[in-house]
Amino acid sequence: MPQTVCSGTMFTTPSGFSPHLACADPGEEEEAPQEGPGPGACLADGPPITSASLDTLIQNLVPTADYYPEKAYVFTFLLSARLFIPPPELLSRVCELCIKQQQLDQSPLDTAKVRKFGPKILELLTEWTETFPSDFRDEKMVGHFKDIIHRIAPCDEAYWKTLNQVLQKLSQRLAQLSQGEESIVKVSLNASSISDKLVAFKTKPPPIQKDMLSICNDPYTLAQQLTHVELEHLSHIGPEEFVQAFVQKDPLDGTQPCFSDQKKKTSNLEAYVRWFNRLCYLVATEICMPAKKKQRAQVIEFFIDVARECFNIGNFNSLMAIISGMNMSPVSRLKKTWSKAKTAKFFILEHQMDPTGNFYNYRTALRGAAHRSRTANSNRERIVIPFFSLLIKDIYFLNEGCANRLPNGHVNFEKFVELARQVGEFMTWKKVECPFEQDRAILHYLHTAPIFSEDGLYLASYESESPENQVEKDRWKALRANVLAKT
């Protein structure tokens with residue numbers, strides 16, 4: 001899809017999608033960039049920044065003895081700058097400007113001036129390590145950090161102590177991230193698929209595995225454990241992954257993209273998408289496995305209640321995964337099974353997640369959950385887990401709908417303010433500590449229970465309720481022959 005400078009009318013969007021971003025008009029003349037910004041994403045004594053040169057935006061990030069950029073600006077620029085300049089190079093530029101402006105390469109230092117400047121550069125670097133810790137996996141980043149502190153330390157030895165504290169916290173956070181990524185890999189390796197052979201025969205054999213109801217028969221408890229899994233995944237996703245997921249060559253920039261290891265840069269985000277897909281298939285597998293219609297109907301009713309509890313908790317991602325699993329064709333075709341189940345609550349939940357009007361009902365419910373979170377007195381009320389695929393879609397269309405640069409070469413900063421708003425809201429939600437007790441048996445089952453492939457689901461479905469038309473009969477026959485050929 002070609003990029004344009006303005007969204008809304010100049011690019012094609014799916015029905016119902018309405019971007020809320022008014023990008024700069026490419027025909028407008030840009031004001032000359034000013035140095036030394038005022039508060040927030042603003043130039044000095046001027047209106048909010050809509051666009052500026054990369055050099056100006058970097059200058060706006062650099063603190064002085066009398067100036068520190070607002071948190072909103074720091075987050076927005078550190079998030080988006082990686083599309084134009086690698087983080088180590090950006091930090092190098094920041095340090096160079098600090099050295100030049102504060103005359104840190106001269107001797108003796110202006111002690112009074114440096115003592116006013118020192119806390120501000122430490123605050124900026126600390127904020128960087130806390131918000132984008134993955135950037136500091138590159139040793140060059142830590143090297144630049146140490147160098148600037150080495151230059152101001154003669155004025156106050158306490159800077160060394162602060163540096164060591166920041167680096168210690170950073171090391172712990174990076175270790176947590178690595179452990180989380182390793183555990184995700186282990187879970188992916190342990191998760192297995194049920195052999196399609198199990199259902200390739202007229203009479204299905206007795207279950208060879210435990211089912212969900214034998215592990216947990218309380219919908220609220222399962223919804224709580226699903227929330228544990230969701231928040232665990234979210235805790236590992238860095239804000240930079242949303243930018244790096246859609247990075248592409250900038251036609252107005254002669255350099256190559258800033259990311260050499262793209263797979264590593266978005267691994268946590270991709271793992272979270274895989275979890276959603278796994279939950280969809282797990283729900284479908286649990287419904288299709290039982291041999292008796294009454295048991296299948298019982299499983300359907302159970303997952304409807306789990307989905308409702310997820311909605312009440314604010315766990316919209318698990319809610320949508322459950323609904324998606326129940327709407328998969330191998331499940332939805334089980335008409336005799338569905339006729340035995342009480343489904344009134346299911347249709348209410350489907351209505352809440354209806355894609356009509358760009359998911360209008362869901363977005364209304366999400367705003368309600370977000371409001372509850374902002375005014376909450378407990379962690380239970382703070383939980384907001386958005387439907388992640390839709391969040392990714394929103395960010396994708398924001399990225400596709402507006403160019404990163406304007407025709408005059410300036411960075412389209414208004415676009416990145418909106419990106420930072422969306423990502424920043426998500427970052428607030430992911431920090432919530434799960435208030436529910438862990439049930440290791442349930443969590444283990446969720447991560448490792450075998451699931452059917454799509455063909456396996458169809459086989460199990462046809463074995464449960466015979467094909468109704470010639471198309472289904474032909475598919476059933478082909479699937480059985482294919483499975484038997486592998487034995």
Is there a donor-acceptor pair under 3.5 Å between the side chain of Lys345 and the backbone N or O of Arg308? no
Should the ring pair His233 and Trp275 be called parallel, tilted or perpendicular, given that the plane angle runs from 0 to 90° and is split at 30 and 60? parallel
Are there more than 12 heavy atoms of other residues, nucleotides or ligands under 6.0 Å from atom NZ of Lys120? yes
Atom CG in Leu334, atom SG in Cys288: separation rounded to 0.5 Å? 5.5 Å
Interatomic distance, Leu54 atom CG to Arg405 atom CZ [nearest 0.5 angstrom]: 6.0 Å
Considering only heavy atoms from C-beta outward, does the side chain of Ile49 approach that of Asn60 to under 4.5 Å? yes
Measure the CG-CG distance between Leu124 and Leu91 for me, rounded to the nearest 0.5 Å. 8.5 Å
If only atom types and distance count, is the side chain of Thr221 paired as donor or acceptor with the main-chain N or O of Asn217 below 3.5 Å? no
Could you check whether Ser214 and Asp211, counting side-chain N and O atoms only, form a donor-acceptor pair closer than 3.5 Å? yes
Heavy-atom pair with the smallest gap, counting every atom of Leu226 and Ile322: CD1-CD1, 4.1 Å
After noting the C-alpha distance and the side-chain angles of Ile148 and His144, does the key distance pass the side chain to side chain contact (heavy atoms under 4.5 Å, CB included) rule? CA-CA 6 Å; Ile148 196 71; His144 293 316; over 6 Å; no
Within a 6.0 Å radius of atom CD on Glu157, are there more than 12 heavy atoms belonging to other residues, nucleotides or ligands? yes
Contact between Met212 and Val299 at the side-chain level, heavy atoms closer than 4.5 Å - yes or no? no
Could you go through Met326 and Trp338, starting from their C-alpha distance and side-chain angles, then the distance that decides it, and tell me whether this counts as side chain to side chain contact (heavy atoms under 4.5 Å, CB included)? CA-CA 10 Å; Met326 297 175 80; Trp338 280 92; 3.8 Å; yes
Verify the distance criterion only: is there a donor paired with an acceptor across the side chains of Asn379 and Arg382 at less than 3.5 Å? yes
Parallel, tilted or perpendicular: rings of Phe311 and Phe316 (30°, 60°): perpendicular
Heavy atoms, side chains only, cut-off 4.5 Å: are Val229 and His447 in contact? yes
Which heavy atom in Pro386 sits nearest to a heavy atom in Leu391, and how many Å separate them? CG-CD2, 4.5 Å
Donor-acceptor contact present, side-chain Ser373 to main-chain Ala369, <3.5 Å: no
Could you tell me the separation between the CZ atom of Arg440 and the CD atom of Gln225, rounded to the nearest 0.5 Å? 10.0 Å
Does Tyr281 use its side chain to pair, donor to acceptor, with the backbone of Glu454 at less than 3.5 Å? no
With no hydrogens and no angle check, is any side-chain donor or acceptor of Thr76 less than 3.5 Å from a backbone partner on Val417? no
Min side-chain heavy-atom separation Leu282-Glu286 under 4.5 Å: yes
When the aromatic ring centroids of Tyr272 and Phe388 are compared, is their separation below 6.0 Å? yes
I'd like to know if the side chain of Thr266 pairs up with that of Glu270 as donor and acceptor (distance under 3.5 Å, no hydrogens or angles considered). yes
How far does CZ of Phe346 sit from CD1 of Ile300, to the nearest 0.5 angstrom? 8.5 Å
Considering only heavy atoms from C-beta outward, does the side chain of Leu390 approach that of Asp394 to under 4.5 Å? yes
Between the main-chain N or O of Pro330 and the side-chain N or O of Ser461, is there a donor-acceptor pair closer than 3.5 Å? yes
Given side chain to side chain contact (heavy atoms under 4.5 Å, CB included), test Gln352 with Leu319 step by step and report yes or no. CA-CA 10 Å; Gln352 288 290 341; Leu319 165 64; 5.6 Å; no
Salt bridge or not for Arg421 and Glu418, using N-O below 4.0 Å? yes
Looking at Leu167, is its backbone amide N or carbonyl O close enough to the side chain of Ser171 to form a donor-acceptor pair, meaning the two atoms are under 3.5 Å apart? no
Residue pair Pro88 / Lys140: nearest heavy atoms and the distance that separates them: CB-CB, 4.1 Å
At their closest point, which heavy atom of Ile323 faces which heavy atom of Leu349, and how far apart are they? CD1-O, 3.7 Å
Report yes if the side chains of Phe132 and Leu79 come closer than 4.5 Å at any heavy-atom pair, otherwise no. yes
Between His228 (side chain only) and Cys434 (backbone N and O only), is there a donor and an acceptor less than 3.5 Å apart? no
Donor-acceptor pair, Glu381 side chain versus Asn377 backbone, under 3.5 Å? yes
Leu231 to Trp429 - nearest heavy-atom pair and separation: CD2-O, 4.4 Å
Can you tell if the side chain of Ser318 reaches within under 4.5 Å of the side chain of Ile385, non-hydrogen atoms only? no
With rounding to the nearest 0.5 angstrom, report the CD to CD1 distance, Glu309 to Ile313. 6.5 Å
For Leu90, does its backbone N or O pair with a side-chain atom of Arg82 as donor and acceptor, under 3.5 Å? no
Locate the shortest heavy-atom distance separating Glu232 from His236; write the atom from each residue and the value. OE2-NE2, 2.9 Å
Are side-chain heavy atoms of Phe416 and Phe77 found at a separation under 4.5 Å? no
Evaluate the side chain to side chain contact (heavy atoms under 4.5 Å, CB included) criterion for residues Leu61 and Leu57: first the C-alpha distance (whole Å), next the side-chain angles of each, then the deciding distance (0.1 Å), finally the verdict. CA-CA 7 Å; Leu61 182 68; Leu57 294 172; over 6 Å; no
